[in-house]
Amino acid sequence: MADFKVTPWEVEGEVDYEKLMRDFGAQSIPREVISKLPEPILLPLRRGFFYAHRDFDKFVEDAKRGKPVSIVTGRGPSGRMHLGHILPFYTAKWFQEKMGASVLIPISDDEKYLVKRKLKIRDVEAFGRDNLIDILAVGFDPEKTRIVIDLEDTEIYRPTVIVSKRVTYSTIRAVFGLTNESNIGWVFYPAIQMVHLFLPQIIWEPQRVLVPVAIDQDPYIRVARDVAERVGLVKTAGLLSKFMPSLESPTGKMSTSGGGEEKVIWLTDDEKTVRKKIMKYAFSGGRPTVEEHRRLGGIPEIDVSFLYLLYFFEEDDRKIKEIEERYRSGEMLTGELKEYTAKKISGFLREHQRRREKVLDEGLEVVLDRYRLRDEERDKIREWGKEL
Ligand code: TRP
């Protein structure tokens, strides 16, 4: 296995997910927990894309008992959003609809300003607004969802001060892999994200908060768990996923950092563009020639198109089994598999884009206002932690 490196700000190399889980000290998700979830179970959960957790069982138990529970998942606005970015938000929506969870969505424009050398305040604010179009298109229930924008909702400064007093520099340096050259914003920002994870408990009441994220974000959950009970809150739970495979590698991460604009599927891509990208770039588990493919068969496990279907786009269990068998046996060729995958992705994007247009028609700021913190919630933030 080749070397790899995973921090919240950087993913390099071929990721060994089992090792990562062990290194981080998370658990694999027991089948019994999944089987307790309401049907139809979200595809990435059912098919193992979310593969590790912390206290997910306790979250499920609380939700089933009718206790208040919530989801926090956020976005660091460093550019436009692609397919991999939107998944946690559709996951949050599933938990809202099926299990009654409230949802809190932080936009960490501060984080991206601090860690991306080239970005100006103007840029992260503009990306924040652009990304909110996509996030609002997901269609959260405004009664049970709040959006917090770090550089605008400055109430979060108070709890951040309280939390930061309980986290040492050496923890942050080790957990996030900081160096002597890191600006001090990198040291402070983790306290902000810890507050994001605590916020539902502060603005509503103490409760189990679940954070569904790609495993690179686990360090934040870890440090939050260390502090939670010391500030009178329930320990944060985590639901950890693999990375959305990049088009060019089944074990890489969909990202613009290495490959560039052309090699990711943007949420605004039309059907023709999606098809072209899948055909041209999607890593194939097929054989170099048709003759060989017929004789030896394809390898679904490393085929990016197959993985997209398996984890995200083919709901039908019988159909995915059939595709897997036909591909493995050599009966199905890469071209046919890619064609099918491109159609499925375009279908999803078409629906997403339709809802996106609706947000724009109504006006982004108008829609966003429904999700802003209410006055009494802002008061709760100001009142929190006086005795700490
Ligand atoms: N740090 C995340 C990113 O880089 C964004 C984020 C901010 C987030 N706050 C969060 C994610 C809380 C999950 C939960 O994309």
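Note that the coordinates shown come from a computational prediction; the quantities given were computed from them, not determined experimentally.
By the 4.0 Å N-to-carboxylate-O rule, Glu61 lies too far from Lys36 to be salt-bridged with it. Looking at Arg47 and Asp317, a side-chain N of the basic residue comes within less than 4.0 Å of a carboxylate O on the acidic one, giving a salt bridge. By the 4.0 Å N-to-carboxylate-O rule, Asp153 lies close enough to Arg378 to be salt-bridged with it. Salt-bridge annotation for Arg46 and Glu315: present, with a side-chain N of the basic residue lying under 4.0 Å from a carboxylate O of the acidic one. Electrostatic pairing of Lys19 and Asp23 counts as a salt bridge here, judged by a charged N lying under 4.0 Å from a carboxylate O. A salt bridge links Asp379 to Arg382: one of the charged nitrogens lies within less than 4.0 Å of a carboxylate oxygen. Contact check on Asp226 versus Arg222 returns no salt bridge, with no Lys/Arg side-chain nitrogen under 4.0 Å from an Asp/Glu carboxylate oxygen. Electrostatic pairing of Arg372 and Glu152 counts as a salt bridge here, judged by a charged N lying under 4.0 Å from a carboxylate O. Using a cutoff of 4.0 Å between basic side-chain nitrogens and carboxylate oxygens, Glu357 and Arg354 are not scored as salt-bridged.
For Phe59 and Phe95, the ring centers sit closer than 6.0 Å to each other. Aromatic rings from Tyr189 and Phe176 are positioned such that their centres are separated by 6.0 Å or more.
Take Tyr327 and apply the ring-ring contact (aromatic ring centres under 6.0 Å, His included) test, not counting sequence neighbours, and it matches His293. In this view, Arg328 and Pro300, Glu301, Glu324 satisfy the side-chain contact (heavy atoms from CB on, under 4.5 Å) rule, not counting sequence neighbours. Remark: Phe348 pairs with Tyr90, Phe313 by the ring-ring contact (aromatic ring centres under 6.0 Å, His included) rule, at least two apart or across chains.
Looking only at distances, no side-chain donor or acceptor of Arg158 sits under 3.5 Å from a matching main-chain atom of Thr154. Within the 3.5 Å criterion, the main-chain N or O of Gly139 finds a donor-acceptor partner in the side chain of Lys93. Within the 3.5 Å criterion, the main-chain N or O of Thr179 finds no donor-acceptor partner in the side chain of Arg173. No side-chain donor-acceptor contact under 3.5 Å links Asp369 to the backbone of Val366. Panel note: side chain Tyr17, backbone Phe243; a donor-acceptor pair is recorded below 3.5 Å. At least one donor-acceptor pair under 3.5 Å links the side chain of Asp16 to the backbone N or O of Glu18. Checked by atom type and distance alone, the side chain of Asn183 pairs as donor or acceptor with a backbone atom of Leu114 at under 3.5 Å. Of the possible polar contacts, one joining the Asp109 side chain to the Leu151 backbone as a donor-acceptor pair under 3.5 Å is found. Side-chain N or O atoms of Ser164 include one that pairs as donor or acceptor with a backbone N or O of Thr160 at under 3.5 Å. A donor-acceptor pair under 3.5 Å is absent between the side-chain atoms of Tyr308 and the main chain of Asp303, judged by distance alone.
Within a 6.0 Å radius of CZ in Arg31, no more than 12 heavy atoms belonging to other residues, nucleotides or ligands are found. For Arg122, the CZ atom counts as loosely surrounded, since its 6.0 Å shell holds 12 or fewer non-hydrogen atoms of other residues, nucleotides or ligands.
You'll find the side chain of Tyr371 reaches within 4.5 Å of the side chain of Leu136, heavy atoms only. Annotation: side chain of Val264 is not in contact with side chain of Ser246 (no heavy-atom distance under 4.5 Å).
Residue Met21 comes nearest to Ala52 through the heavy atom pair SD-CB, 3.6 Å, listed as atom of the first residue, atom of the second, then distance. What you find for Phe24 and Ile215 is that their closest heavy atoms are CE1-O, 3.3 Å.
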- prompt: When you look at Arg350 and Asp270, which way does the salt bridge (Lys or Arg N to Asp or Glu O under 4.0 Å) test go after all the steps?
  reply: CA-CA 8 Å; Arg350 214 167 21 244; Asp270 62 17; over 6 Å; no
message: Between Lys120 and Glu125, does the salt bridge (Lys or Arg N to Asp or Glu O under 4.0 Å) criterion hold? Intermediate values first, please.
response: CA-CA 9 Å; Lys120 313 235 182 299; Glu125 286 184 336; over 6 Å; no
- request: Evaluate the criterion salt bridge (Lys or Arg N to Asp or Glu O under 4.0 Å) for residue pair Lys235 and Asp55; output intermediate values, then yes/no.
  value: CA-CA 9 Å; Lys235 259 192 177 184; Asp55 287 344; over 6 Å; no
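The CD atom of Gln96 sits 12.5 Å away from atom OG1 of Thr91, with the distance rounded to the nearest 0.5 Å.
Looking at Lys344, Lys319, Lys321 one by one, the single match for salt bridge (charged side-chain N to carboxylate O under 4.0 Å, His left out) with Glu314 turns out to be Lys344.
Judged by a 6.0 Å distance limit and a 45° cone about the ring axis, Arg80 is not positioned over the six-membered ring of Phe127.
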